[in-house]
Amino acid sequence: MRPRRSTLTNQELEIMKVIWGLGKATVREVYEVLLKRRRVAYTTVLTMMKILETKGYLKKTDAERAHVYRAARPRQQVIRGMVREFVDRVFNGSAQPLLLHLVKDEGLTPEELAENQRMAEKKE
């Protein structure tokens, strides 16, 4: 049995992005948004949203004929947790190697580097 991960799978994150974008949505509404991007079964979306509810990422309320889901956690909080888990797993908890990788391999422009420097100084 695989250990439970606190971060989201690619499919779960895709659904959360739709929910964050819409604010609240039924399974049908999420399904229709995803269907514009790729083939997906309605039952798959339903199952994934139930899983997200079980994991504590979505909250469900009853509407007239359908459940309406909304995010239980803010987008930034979820992203922060996913980045932290990634840094812990890949870089043994140190963010510095990640930053070096991004600077070297992702080809940040001098303007982007200067903006990052300003943001880092503002945080201090």
Side-chain angles (χ1 to χ4, degrees):
M1 183 186 237
R2 290 186 335 195
R4 250 196 188 314
R5 292 181 356 172
S6 60
T7 59
L8 302 170
T9 66
N10 290 340
Q11 286 183 326
E12 291 169 344
L13 182 57
E14 187 177 22
I15 289 170
M16 288 304 299
K17 286 178 180 179
V18 172
I19 297 286
W20 285 319
L22 296 175
K24 60 183 179 179
T26 63
V27 174
R28 170 74 51 199
E29 291 168 329
V30 173
Y31 166 73
E32 289 173 0
V33 170
L34 295 177
L35 197 55
K36 292 176 186 174
R37 300 177 191 167
R38 63 179 173 87
R39 274 184 52 185
V40 62
Y42 178 87
T43 54
T44 300
V45 177
L46 174 65
T47 301
M48 297 302 297
M49 289 177 72
K50 285 181 181 180
I51 290 169
L52 285 164
E53 182 186 15
T54 301
K55 287 181 164 185
Y57 286 95
L58 290 178
K59 288 186 180 179
K60 176 176 67 177
T61 55
D62 292 327
E64 286 184 32
R65 294 180 49 174
H67 298 298
V68 177
Y69 291 85
R70 64 181 173 79
R73 299 180 191 180
R75 178 184 213 130
Q76 201 55 38
Q77 179 186 24
V78 173
I79 291 170
R80 187 179 306 116
M82 291 178 73
V83 169
R84 172 60 25 215
E85 184 173 301
F86 176 78
V87 168
D88 288 345
R89 197 169 29 118
V90 177
F91 298 104
N92 297 323
S94 175
Q96 186 175 10
L98 172 61
L99 290 173
L100 290 173
H101 169 75
L102 292 172
V103 168
K104 289 180 180 179
D105 294 348
E106 298 304 317
L108 295 176
T109 66
E111 293 80 19
E112 291 170 326
L113 289 170
E115 177 62 22
N116 288 331
Q117 180 66 35
R118 281 191 293 277
M119 288 170 40
E121 288 170 356
K122 189 184 266 187
K123 187 177 180 201
E124 294 173 352

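A single hydrophobic cluster is seen to contain both L22 and M49, as judged by linkage of ILVMFWY side chains at heavy-atom distances under 4.5 Å, directly or through other members. Under a hydrophobic clustering in which Ile, Leu, Val, Met, Phe, Trp and Tyr are joined whenever their side-chain heavy atoms come within less than 4.5 Å, directly or via other members, I79 and L99 fall into different clusters. Follow the hydrophobic side-chain contacts under 4.5 Å out from V90 and you never reach L100; the two are in separate clusters. Transitive grouping of hydrophobic side chains (ILVMFWY, heavy atoms separated by less than 4.5 Å) keeps L34 and V68 in distinct clusters.
Shown here is R39, whose CZ atom has no more than 12 heavy atoms of other residues, nucleotides or ligands within 6.0 Å.
Annotation for A71 and I19: closest pair N-CG2, 3.5 Å, computed over non-hydrogen atoms. Taking every heavy atom of both residues into account, A72 and G56 meet most closely at CB-O, 3.3 Å. When all heavy atoms of W20 and R73 are compared, the pair lying nearest together is NE1-O, 3.2 Å. Closest of all the heavy-atom pairs between A95 and V87 is N-CG1, 3.8 Å.
In this structure, CD in E12 is found 3.5 Å from NZ in K55, a value given to the nearest 0.5 Å. One finds the OG1 atom of T47 at 11.0 Å from the CG atom of L52 (value rounded to the nearest 0.5 Å). A distance of 12.0 Å separates OH of Y31 from CG of L46, quoted to the nearest 0.5 Å. Taking OG1 of T26 as the start and NE2 of H67 as the end, the distance is 11.0 Å to the nearest 0.5 Å. For the atom pair CZ (R70) and OG1 (T61), the distance works out to 7.0 Å, reported to the nearest 0.5 Å. Summarising the geometry, atom CD1 belonging to I15 is positioned 8.0 Å from atom CG belonging to L58; distances are rounded to the nearest 0.5 Å.
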Stepwise side chain to side chain contact (heavy atoms under 4.5 Å, CB included) test for L8 and E14: CA-CA 9 Å; L8 302 170; E14 187 177 22; over 6 Å; no

Take M119 and E115, measure what side chain to side chain contact (heavy atoms under 4.5 Å, CB included) needs, and give me the verdict at the end. CA-CA 6 Å; M119 288 170 40; E115 177 62 22; 3.7 Å; yes

Apply the test side chain to side chain contact (heavy atoms under 4.5 Å, CB included) to residues M82 and L13: give CA-CA distance (whole Å), side-chain angles for both, the deciding distance (0.1 Å), then the verdict. CA-CA 10 Å; M82 291 178 73; L13 182 57; 4.1 Å; yes

Yes or no on side chain to side chain contact (heavy atoms under 4.5 Å, CB included) for R80 and Q76, after CA distance, side-chain angles and deciding distance? CA-CA 6 Å; R80 187 179 306 116; Q76 201 55 38; 3.7 Å; yes

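Looking at F86 and L98, their side chains come closer than 4.5 Å, going by heavy atoms from C-beta outward. Taking the side chain as every heavy atom from C-beta outward, R37 and V18 approach each other to under 4.5 Å. Side-chain contact check for Y42 versus R28: some heavy-atom pair is nearer than 4.5 Å.
In this structure a side-chain-to-backbone donor-acceptor pair under 3.5 Å is missing from E121 to R118.
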